[in-house]
Each structure stands twice: as C-alpha cells, then as structure tokens.
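Below is one structure; the comments refer to it alone.
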Amino acid sequence: MLSSEMIKKAALEAGADSCGIAPISRWNGAPKEMNPKFLFPNVKSCIGFVFRIPRGVQRGIEEGTQFYQYPSMAYGGINEIYAPAVLHHVGRAIEDEGYEAFIYRNTGARGIVSDMDGSPGNSLSPEEQIEVSKHAKGKTAHHRSVQFTREAGEGKIPPDLQFQFRIAAVACGLGEIGWSKMLLTPEFGPLQRVAFIFTDAEFDVYDEMYNGEPLCRKCGACVRECPGGCIPEMNSGKTISIDIDGKTCEWGDIDMWRCYAFYTHGGRYYNPFVPKEVFDENEGGALDLLEGVTDVANEKEIMKVYGALEKYFPSWVGYNMAKCGGCIRACVSMLEKKGGCMEGRFKEPLRTKKAWRLDR
C-alpha cells in the first residue's frame with residue numbers, strides 16, 4: 001500500500017530536502033485558471049518538495065564579486081536538473097504502486113494569466129528571457145503568460161494551467177509566506193526552490209499546514225534593503241491576503257514590474273557591469289524607471305530598460321539576470337540573529353559588515 005511514509009522516504013533518498021503532502025481539497029476556492037484540481041479529474045493529493053539553495057550561492061552577490069552562480073545554480077541548476085530528477089524518481093515509485101504521478105517542475109511563464117499583473121495574454125517574462133542581444137538570431141518574444149490558448153473541451157481550463165508555487169508549498173505544510181512574498185521554511189528560511197507531484201492516490205496521513213512560531217519576523221529588513229523600493233512599508237496597509245483551507249496568509253503587495261526591473265538590472269548603485277556614464281546619460285529616458293525619474297513600472301518601461309542594459313551583462317544562463325537578491329540576503333541575515341529560524345545554522349553569519357553599494 002502506498003503511504004505518506006513511503007513517499008517521504010523516497011523523496012529524501014532521491015535528494016529532496018523536505019517533503020509535505022496535502023489533500024487537493026485545500027485548493028477549494030482558488031481561481032479556476034490557477035487551481036490544480038483541474039489538472040485531471042481524479043487528482044486527490046499534492047506532494048510538495050523543497051530543494052535547498054546553498055547559502056554560499058549568494059555569497060558572490062553579497063560580496064559584489066560573482067553574479068553568475070546565483071541564477072545558474074540556484075535557479076537553473078535546481079529547476080532544470082536537480083528537481084526534475086527527484087520528481088522522476090518519486091513519480092516512478094508512485095506509478096509502481098498503480099497510481100498516476102503528474103510531475104510538475106518549475107515552469108515559469110506557462111500560465112494563462114500573468115503573475116505580474118493577473119491579466120491574460122501578452123506580458124513579458126523574466127524567466128524566459130527576451131533575447132535582444134547581438135548573439136541572438138532574432139528578437140523572439142517570450143511572455144509571462146501563454147498567448148493564444150483555448151479550452152481543449154467543455155469544462156476544461158485553457159492550457160497551460162499554472163498554480164502559485166509558494167501558496168502550494170504552504171498548503172503542503174512546508175512553511176509560510178513572508179512579508180516580501182518569499183516562501184520561508186523552518187529549515188532554510190527563504191533559501192529554497194519547490195516542485196510538486198499531483199496524484200490520484202489518497203494517503204493515510206496528510207501534513208498539517210505550518211502553525212509554529214511565525215517564520216517572518218516582520219522586521220522590515222526586506223523593505224529597507226530593496227534597491228527599488230518595491231516592497232511596501234510594514235504599516236502601509238498595502239497587503240495581499242488569502243485563505244488556504246482556513247489558514248490566513250498575508251504579505252506585502254509587491255510592485256512586481258518594478259521588482260522585475262531592479263532584480264534583473266540592479267540600478268545605478270547595484271550593477272557593476274554597467275558604466276556610470278550610461279546611467280548619467282540615460283539616453284532617450286530608457287532608464288527613467290531605474291533612475292527614479294518615473295514611478296510608472298510596466299511592461300513598456302521594462303522593455304526600455306532591457307534594450308538599454310542587456311548588452312552589458314556578460315553571460316546568459318536561460319534565467320533572469322540576477323543582480324539584486326537584496327530582500328533574500330536581508331532576510332537570511334535577520335533570520336540568523338537570535339530567535340530567528342536560521343539561528344545557529346552556520347558557524348559564521350552571512351553578513352559581517354554593511355552591505356555593499358557602488359559609490360557613484
């Protein structure tokens with residue numbers, strides 16, 4: 001008989017760092033176009049997997065010395081190589097017992113609505129990059145949502161159905177969502193990626209959702225260290241709140257387009273790859289968003305930033321060009337302090353001095 005113990009044993013043996021299992025009923029009330037209940041008629045359970053991000057992957061950004069490893073290893077390496085291998089291993093164990101395993105790796109930009117602004121159709125994807133470099137054969141637009149999808153039959157959802165991974169992780173009992181919208185787990189704070197398996201198997205035991213001491217300290221470090229001011233102040237009243245099967249989850253209403261711009265390009269003080277003169281000249285107002293000339297953050301402004309700065313980044317990894325990570329590093333630093341969930345995890349703290357900033 002397939003049991004939750006068997007699944008978790010297989011997950012940990014294959015290389016997952018933790019695993020949680022939830023009944024599919026926890027998605028009752030979710031928007032239809034983002035509800036995994038509609039993946040297939042007989043889905044009964046969701047299995048969530050956590051894959052830790054080694055803290056050292058962020059060391060290069062913390063020191064301002066190496067920026068390639070974070071997007072290539074913490075994004076690409078986990079999402080494209082490591083997690084799929086674990087999903088395949090556990091999926092085989094499920095199907096060997098006669099049940100179906102709908103493995104679901106991180107896909108990004110595959111939903112029918114944009115997770116930038118909730119709209120359907122044409123919006124830009126930071127994961128599937130717009131190739132505007134001189135090395136590209138042409139300008140191929142990848143978007144934050146699929147473009148021309150239609151229902152394959154009555155009562156179905158237009159493909160590709162994409163759910164919210166962090167919310168799904170909460171439903172599986174793996175952690176909570178912090179003020180900065182990052183998933184926080186008791187073991188690794190904000191340092192993980194997640195992936196899932198949906199199955200028609202029912203389990204003897206389902207995990208309760210996290211109900212321990214709050215993982216987010218509501219300290220505001222993420223707000224203070226965001227170079228673009230993308231995260232609202234704690235007392236601003238700008239929040240998003242949802243209910244997951246009776247559990248209330250709330251986080252700051254992040255300006256996602258602005259976050260996209262600063263995460264990928266950093267701005268004047270956090271992008272050592274771009275000459276100071278480029279920001280000074282701000283040719284054609286392309287950098288108005290990064291320079292604070294405009295408060296408008298949308299797809300049009302993002303395209304202007306990309307067109308102006310993409311050529312200065314030295315290499316591609318298939319994922320967005322991480323320059324920032326300010327909220328994550330700030331969060332790790334605070335969670336390592338007394339009383340935080342990462343206290344005592346490392347012999348030395350992540351941060352021993354003031355975070356760097358270019359003098360220009």
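All values below were derived from every heavy atom in this structure, side-chain atoms included, with hydrogens, water molecules and symmetry-related copies excluded. Since we're looking at a predicted model, the values are computed, not measured.
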Within 45 degrees of the axis of the six-membered ring of Phe279 and under 6.0 Å from its centre: does Arg360 put its NZ or CZ there?
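Negative - Arg360 is either too far from the ring of Phe279 or too far off its axis.
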When you measure from the centre of the six-membered ring of Tyr269, is the NZ or CZ of Arg357 under 6.0 Å away and within 45° of the axis?
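Yes, cation above the ring, under 6.0 Å and within 45°.
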Closer than 4.0 angstrom, basic N to acidic O: yes or no for [X] and [Y]?
| X | Y | answer |
| --- | --- | --- |
| Lys181 | Asp253 | no |
| Arg52 | Asp17 | yes |
| Glu225 | Arg329 | no |
| Asp207 | Lys8 | yes |
| Lys9 | Glu5 | no |
| Glu95 | Arg92 | no |
| Glu62 | Arg351 | yes |

Side chains of [X] and [Y] in contact at under 4.5 Å (non-hydrogen atoms):
| X | Y | value |
| --- | --- | --- |
| Val305 | Glu301 | no |
| Cys249 | Ile240 | no |
| Cys226 | Cys327 | no |
| Glu176 | Cys216 | yes |
| Trp27 | Cys46 | yes |

Does any N or O in the side chain of [X] come within less than 3.5 Å of the main-chain N or O of [Y], such that one atom is a donor and the other an acceptor?
| X | Y | answer |
| --- | --- | --- |
| Glu336 | Gly344 | no |
| Gln192 | Leu183 | yes |
| Arg59 | Leu350 | yes |
| Arg258 | Asn298 | no |
| Ser45 | Ala201 | yes |
| Lys238 | Pro232 | no |
| Asn79 | Gly76 | no |
| Arg193 | Ala74 | yes |
| Tyr82 | Gly15 | yes |
| Gln164 | Ile167 | yes |

If we count only N and O atoms by modelled type, under 3.5 Å, do the side chains of Thr107 and Gln162 hold a donor and an acceptor together?
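Looking only at side-chain atoms, Gln162 and Thr107 do form a donor-acceptor pair, the distance falling under 3.5 Å.
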Side-chain donor-acceptor pair under 3.5 Å between Thr199 and Glu100, yes or no?
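No, Glu100 and Thr199 have no side-chain donor paired with an acceptor closer than 3.5 Å.
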Name the one of Phe51, Phe102, Phe165 that satisfies ring-ring contact (aromatic ring centres under 6.0 Å, His included) with Phe196?
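Single pass found, and it is Phe165.
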Is it true that [X] and [Y] fall in one hydrophobic cluster, defined by side-chain heavy atoms closer than 4.5 Å?
| X | Y | value |
| --- | --- | --- |
| Met334 | Met342 | no |
| Ile21 | Leu12 | no |
| Val293 | Leu309 | no |
| Leu191 | Tyr68 | yes |
| Val296 | Leu287 | no |

Step by step, would you call Glu63 with Lys353 a salt bridge (charged side-chain N to carboxylate O under 4.0 Å, His left out)?
CA-CA 10 Å; Glu63 304 295 337; Lys353 56 186 180 298; 2.9 Å; yes
For residues [X] and [Y], report the shortest heavy-atom separation together with the two atoms involved.
| X | Y | result |
| --- | --- | --- |
| Phe67 | Pro71 | O-CD, 3.1 Å |
| Gly175 | Leu215 | CA-CD1, 4.3 Å |
| Ile231 | Ser180 | CD1-CB, 4.0 Å |
| Ala297 | Trp257 | O-CB, 3.5 Å |

Centroid-centroid distance, Tyr306 to Tyr260, less than 6.0 Å
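Between Tyr260 and Tyr306, which both carry aromatic rings, the centre distance is below 6.0 Å.
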Assess the pair Phe198 and Phe163: is the distance between their ring centroids shorter than 6.0 Å?
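Ring centroids of Phe198 and Phe163 are less than 6.0 Å from each other.
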Once rounded to the nearest 0.5 Å, what's the spacing between atom [atom1] of [X] and atom [atom2] of [Y]?
| X | Y | atom1 | atom2 | answer |
| --- | --- | --- | --- | --- |
| Ile53 | Ile78 | CD1 | CD1 | 5.0 Å |
| Asp245 | Ser25 | CG | OG | 5.5 Å |
| Phe38 | Lys156 | CZ | NZ | 11.0 Å |
| Ile24 | Lys37 | CD1 | NZ | 8.0 Å |

Taking atom [atom1] of [X] as the centre, report whether more than 12 heavy atoms of other residues, nucleotides or ligands fall under 6.0 Å from it.
| X | atom1 | result |
| --- | --- | --- |
| Glu233 | CD | no |
| Glu151 | CD | yes |
| Tyr99 | OH | no |
| Met73 | CE | no |

Step by step, would you call Asp243 with Lys247 a side chain to side chain contact (heavy atoms under 4.5 Å, CB included)?
CA-CA 5 Å; Asp243 179 273; Lys247 178 181 176 66; 6.0 Å; no
Checking Lys337 against Glu343 for the salt bridge (charged side-chain N to carboxylate O under 4.0 Å, His left out) test, could you report, in this order, the C-alpha distance in whole Å, the side-chain angles of both residues, the deciding distance, and whether it holds?
CA-CA 6 Å; Lys337 298 184 187 304; Glu343 181 186 6; over 6 Å; no
Could you give me the CA-CA distance, side-chain angles and deciding distance for Asp288 and Asn282, then say whether side chain to side chain donor-acceptor pair (under 3.5 Å) is met?
CA-CA 7 Å; Asp288 284 355; Asn282 188 14; 2.8 Å; yes
Could you check Gln69 against Gln58 for side chain to side chain contact (heavy atoms under 4.5 Å, CB included), going step by step and ending with a plain yes or no?
CA-CA 8 Å; Gln69 298 309 317; Gln58 292 222 326; over 6 Å; no
What pairs with Tyr270 under ring-ring contact (aromatic ring centres under 6.0 Å, His included), at least two apart in sequence or on another chain?
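So Tyr270 forms a ring-ring contact (aromatic ring centres under 6.0 Å, His included) with Trp356.
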Can you check side chain to side chain contact (heavy atoms under 4.5 Å, CB included) on Ile47 and Cys172, steps first, answer last?
CA-CA 7 Å; Ile47 307 165; Cys172 288; over 6 Å; no
Sequence neighbours left out, what passes side-chain contact (heavy atoms from CB on, under 4.5 Å) with Glu277? Give chain and number order.
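With sequence neighbours excluded, Glu277 shows a side-chain contact (heavy atoms from CB on, under 4.5 Å) to Pro275, Glu281, given in chain and number order.
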Show, in sequence, the C-alpha distance, side-chain angles and deciding distance for Leu174 and Tyr210, and conclude whether the side chain to side chain contact (heavy atoms under 4.5 Å, CB included) test is met.
CA-CA 7 Å; Leu174 297 171; Tyr210 180 79; over 6 Å; no
